[in-house]
Amino acid sequence: VNIFSKFLPYPFNGLSTEDLGQAEVVSTTCIWIIIVFFLSAVCVQSFRSSRLKKNIKRARVLLDKLRSDQLAAVRNDLDGEMGSIPVVGELWHEFNETLVTSRDGSAIYNTVDADHFFNPSTLGQGVADSRFISAVPGMLTALGVFGTFVGLQFGLDSLDLTTPDKMSDSMAFVVEGAATAFKTSVWGILASLAFNIVEKIIEGGLLKRIRTFQFRIDRLFDRTLGEQALVDIKGNTSESERLLRHLGEQIGEKVQEGISSAVGPHMEKLGEVMSEFAERQATGAETAMQDLVESFSEKLSNAGQQQAE
């Protein structure tokens with residue numbers, strides 16, 4: 001207990017005000033600065049994490065009320081309600097733009113994983129990616145080392161080398177000051193380790209909440225892949241090709257039937273006219289030939305009579 005009490009700062013180390021030397025005052029001051037800084041960093045980290053968890057919980061409550069078959073009907077309302085939640089609302093609006101609706105408008109599909117929008121870098125701003133929080137362990141260690149060197153400086157200032165007796169007496173103060181000064185390094189290292197542990201616990205709780213939120217979104221929104229869309233397009237193209245081929249055959253048959261029904265009667269009538277014309281031509285030629293033969297015969301007869309006379 002006595003050994004442990006030596007590492008405690010004033011007034012918990014059992015020393016009175018008269019027993020405090022310069023080294024002890026410096027060490028106590030640095031230790032309290034380390035404690036206050038440690039507690040402040042933990043409170044800031046806890047507050048940020050609690051606020052982000054609250055926002056994620058509000059969004060999770062909205063999703064827990066829905067089923068996959070209800071998403072198409074409440075898509076706009078859900079986007080508006082999510083928009084009122086800090087941080088989550090902006091991310092949800094971007095996520096909503098990547099959703100696609102089925103042809104009949106009855107279903108909504110997700111094209112991008114929820115992790116792309118809702119991840120520790122976006123939902124854990126100020127907790128998972130804070131440069132200040134990452135530097136706190138090093139700063140705590142640095143404060144401890146700083147107090148040690150300042151305490152050593154005060155101890156060395158009390159060293160008197162003028163005479164052997166004074167040097168012997170002052171060495172005791174130097175050793176005591178050094179022992180006191182090194183307490184700040186111990187506190188700095190312990191505070192750094194403790195903050196690392198606490199910070200990982202806080203961050204782990206937030207990451208668990210984020211992963212649960214991601215899983216809920218992926219389960220609620222069915223995923224459609226680009227490869228599947230290409231397969232569907234290929235299938236639709238083949239079906240369209242088959243339908244167009246069948247349609248072309250039907251159009252050709254209908255056109256042929258239309259031409260036959262429209263031109264057929266006229267062609268028959270034209271054939272009749274041509275046949276009648278041919279008959280007339282044949283009859284006319286026969287009559288002309290007969291007249292020519294009769295005229296020739298008559299002239300031949302007259303020539304014979306004239307010759308006989």
Side-chain angles (χ1 to χ4, degrees), residues 38-137 193-232:
F38 168 81
L39 294 177
S40 300
V42 170
C43 291
V44 170
Q45 187 76 339
S46 300
F47 173 75
R48 291 177 177 176
S49 177
S50 176
R51 183 180 58 185
L52 293 174
K53 286 182 179 179
K54 183 178 179 181
N55 294 335
I56 297 174
K57 183 178 180 180
R58 289 178 57 189
R60 176 65 187 273
V61 169
L62 293 176
L63 296 180
D64 289 339
K65 298 178 182 178
L66 301 175
R67 300 192 309 270
S68 298
D69 56 352
Q70 298 175 331
L71 294 175
V74 300
R75 178 178 181 178
N76 294 332
D77 295 337
L78 181 61
D79 187 43
E81 293 179 356
M82 286 290 188
S84 62
I85 303 176
V87 182
V88 178
E90 298 177 359
L91 298 173
W92 185 268
H93 181 69
E94 295 180 3
F95 172 74
N96 187 53
E97 293 178 347
T98 64
L99 301 177
V100 295
T101 308
S102 60
R103 292 182 179 179
D104 57 0
S106 61
I108 292 180
Y109 299 98
N110 181 17
T111 58
V112 181
D113 288 334
D115 179 71
H116 182 77
F117 298 98
F118 308 101
N119 52 65
S121 298
T122 55
L123 287 179
Q125 296 178 2
V127 176
D129 60 349
S130 174
R131 296 175 61 88
F132 171 75
I133 296 299
S134 300
V136 167
L193 293 175
F195 182 81
N196 274 320
I197 295 174
V198 174
E199 192 268 338
K200 295 304 179 184
I201 293 175
I202 295 174
E203 183 179 349
L206 178 61
L207 295 180
K208 182 179 180 181
R209 186 70 60 88
I210 293 174
R211 286 193 296 268
T212 303
F213 186 58
Q214 294 173 355
F215 180 75
R216 176 56 182 162
I217 294 175
D218 290 334
R219 286 290 302 272
L220 188 62
F221 292 88
D222 295 331
R223 179 71 186 276
T224 178
L225 300 175
E227 292 79 1
Q228 183 62 41
L230 294 176
V231 173
D232 295 339

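As a basis for the values below, the full set of heavy atoms in this structure was taken, side chains included, without hydrogen atoms, waters or symmetry mates.
- Under the 4.5 Å side-chain criterion, counting only non-hydrogen atoms from C-beta, F213 is in contact with L123.
- Considering every non-hydrogen atom in both A72 and A107, the closest pair reads CB-N, 4.1 Å.
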Original post:
Can L99 and N110 be said to form a side-chain contact (heavy atoms from CB on, under 4.5 Å), step by step?
Top reply: CA-CA 5 Å; L99 301 177; N110 181 17; 4.1 Å; yes
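- Under the salt bridge (charged side-chain N to carboxylate O under 4.0 Å, His left out) criterion, no residue pair touches residues 195-215, with sequence neighbours excluded.
- In this structure, F118 and W92 have tilted ring planes: the angle between them lies in the 30° to 60° band.
- In terms of heavy-atom proximity, G124 sits nearest to L206 at CA-CD2, 3.9 Å.
- Of all the heavy atoms in A41 and F195, the pair that sits closest is CB-CE1, 3.4 Å.
- Taking every heavy atom of both residues into account, R48 and V127 meet most closely at CB-CG2, 3.6 Å.
- In this structure, the side-chain contact (heavy atoms from CB on, under 4.5 Å) partners of S46, at least two apart in sequence or on a different chain, are V42, I202.
- Listed by chain and number, the residues in a side-chain contact (heavy atoms from CB on, under 4.5 Å) with L62 are L78, E81, M82, I85 (sequence neighbours excluded).
- Residue pairs that meet the side chain to side chain donor-acceptor pair (under 3.5 Å) test with at least one member in residues 65-75, sequence neighbours left out, are R67-D69, R75-N96, R75-T101.
- Atom CD1 in I217 sits 11.5 Å away from atom OG1 in T212 (nearest 0.5 Å).
- With rounding to the nearest 0.5 angstrom, the CD1 atom of I210 is 13.5 Å from the CZ atom of R60.
- With sequence neighbours excluded, no residue forms a ring-ring contact (aromatic ring centres under 6.0 Å, His included) with Y109.
- What you find for N196 and P137 is that their closest heavy atoms are OD1-CG, 3.3 Å.
- Expressed to the nearest 0.5 Å, how far CG of D79 lies from OG of S84 amounts to 10.5 Å.
- Applying the side chain to side chain donor-acceptor pair (under 3.5 Å) rule to pairs touching residues 111-127 yields D113-R223, D115-Q214, N119-T122, sequence neighbours excluded.
- In terms of heavy-atom proximity, A59 sits nearest to V88 at CB-CG1, 3.7 Å.
- Using a 4.5 Å heavy-atom threshold, the side chains of V44 and F132 count as separate.
- F221 is listed as a side-chain neighbour of I108, based on a closest heavy-atom distance under 4.5 Å.
- At distances below 3.5 Å, at least one donor-acceptor pair connects side-chain atoms of R216 with backbone N or O atoms of L63.
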